[in-house]
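Below: the structure, in structure tokens.
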Amino acid sequence: MSTRARLAAFFAALGALVVVATILTIVLRPVAVAPNAPDAFDITAGMDDCGRGWGESGAPSGAAASGPTVHGGDQTFTVTNTTVGGIEVYVQAVDSKRVYLDLESIGAGAHATARVTLGAGRYRFVCLPADADPVHGPVVTVGKAPPGSPLTPGIVPVTRNDLIPVAKAYTTWVASRLPALRQQVAAVAADAEEGDLPAARRDWLTAHTTYETLGAAYDAFGELGDQLDGPPRTDPTGFHLVESQLWHGDAAATVAASAHDLLGLVDRLQTEFAGVQLDPGDVALRAHEIVEDAIQDTLTGATDAGSGTSLASVDAELTGAEQALAPLEPVLTGRYEQLGDTRAALAAAHAVVEAHRAPDGTWTPLDRLSRTDRERVDAALDRAAELLAPVAAICDPRRDS
């Protein structure tokens, strides 16, 4: 399942903002409702009939605010695309522009069914054909929801324009770290040339953790990123080749040669990244994926080529998630109530992980963690990933309606 699909399922499970891709089974499967139920509506989504079918009048697009009215609370919509192409459909609050339902990529003639719980206010459907301007449906006045109803929270959509400054700020930060990374890798090569392999191990860890903090840019690194830090498996390259040689007793000359090859890859990265422009939608998505990858890959030992420093990598990945989150804060403020909790969860995860770093800078290998300590690490990262998932969903770029 894709990350986007996992995020949609996450929101559905929590009863939060309904963000649904129609490729998901849950959307294509009809929601069971009683015949003629007052909270169930067949809605059309097209150029001339956007939102028709919601409320008492079935008024055409552009109707006055005093037209259709419905009871507050649960609303079940079966939306049919009446155009000849794909369409995206929002349920939007007229006054605040918050979105309470986002049905993505409904094919021509296809149906999508979803349920939201709305409180008192004025709402409308917004239909966004692939190659045309948004179409606004009639304004519907919704009454108060029954007491205790778990209202669906709405968000102000984030557009690609909102995220362009985020991408630029993050790109600048990554570029600023590459000279330090080069210097650190050069130190590994120099140590090995001098035959000082203990120093080379220490400097390798410094360089590798610096690289691990750059996680939100990995997709932009392309194949070069795989050469630099791909999973070790049976034929390690880049950082993991040097790691394997340093911790498996290879000769200093062998380590030095591999470290110089790694230095060449970092030089290429500096040159190629200078012309890179990150996709504005990538930073928020990667903030969540960095921690998810730490759980699925690093904490399983899949990225360890012999150094036993997986927890150091996890700590660096948490820093990477924090660095990806930082430029998003202006976008998230006012959109995500748990932003402060997310920061706190990342800080708490750091504390749990760093409890396993000794005063001399060495780290406890994964296989030496007690069961209790391992559970604490897992729980701390799970909490951070849980809170970062909404960040990715909220900052999923949407069209301006």
Side-chain angles (χ1 to χ4, degrees), residues 11-12 15-22 26-83 85-129 132-146 149-157 398-399 401:
F11 270 103
L17 170 68
V18 182
V19 181
V20 188
T22 55
I26 190 171
V27 175
L28 295 177
R29 184 180 299 150
V31 175
V33 294
N36 302 316
D39 61 351
F41 304 94
D42 291 321
I43 306 296
T44 57
M47 301 297 294
D48 300 317
D49 57 358
C50 179
R52 184 174 295 167
W54 189 20
E56 298 173 353
S57 68
S61 177
S66 59
T69 61
V70 298
H71 296 293
D74 287 347
Q75 312 277 319
T76 299
F77 302 116
T78 297
V79 180
T80 300
N81 178 5
T82 60
T83 72
I87 199 168
E88 183 171 4
V89 178
Y90 298 163
V91 171
Q92 180 190 67
V94 175
D95 299 320
S96 69
K97 300 298 179 68
R98 289 181 177 272
V99 170
Y100 292 80
L101 173 66
D102 180 2
L103 296 173
E104 300 174 346
S105 304
I106 306 175
H111 312 284
T113 298
R115 175 177 290 154
V116 294
T117 305
L118 301 177
R122 300 188 308 145
Y123 302 85
R124 65 186 174 192
F125 275 87
V126 180
C127 301
L128 300 102
D133 292 335
V135 179
H136 295 151
V139 175
V140 175
T141 300
V142 175
K144 290 184 178 180
S149 297
L151 299 181
T152 300
I155 62 166
V156 178
R398 293 176 170 85
R399 287 176 59 184
S401 59

Using every non-hydrogen atom in the two residues, find where Val139 and Pro68 come nearest and quote the distance to one decimal.
O-CD, 3.4 Å

Close side-chain approach of Asp39 and His71, heavy atoms under 4.5 Å:
no

Less than 4.5 Å apart, any side-chain heavy atom of Gln75 and any of Tyr123?
no

Side-chain donor-acceptor pair present, Thr78, Thr113, cut-off under 3.5 Å:
yes

Sorted by chain and number, sequence neighbours left out, ring pair (Phe, Tyr, Trp, His ring centres under 6.0 Å) with Tyr90 holds for none

Close side-chain approach of Trp54 to Val142, heavy-atom, < 4.5 Å
yes

Tell me every residue that passes salt bridge (Lys or Arg N to Asp or Glu O under 4.0 Å) with Asp95, counting only those two or more places apart in sequence or in another chain.
Arg122

Of the non-hydrogen atoms in Cys127 and Gly51, which two are nearest, and what is the gap between them?
SG-N, 4.3 Å

For a quick test of reading the model, state the closest non-hydrogen atom pair linking Val126 to Gln92 and the distance between them.
CG2-OE1, 3.6 Å

Ignoring hydrogens and geometry, is there a side-chain-to-backbone donor-acceptor pair from Asn81 to Gly107 under 3.5 Å?
yes

Determine yes or no for a side-chain-to-main-chain donor-acceptor pair under 3.5 angstrom, with Thr117 supplying the side chain and Thr152 the backbone.
no

Over all heavy atoms of both residues, which pair between Gly53 and Phe41 is shortest? Give the atoms and the distance, please.
O-CD2, 3.5 Å

Smallest separation among heavy atoms of Arg124 and Pro138, with atom names
CB-O, 3.6 Å

Looking only at heavy atoms, which two atoms of Ile106 and Val79 are closest? And how far apart?
CD1-CG1, 4.2 Å

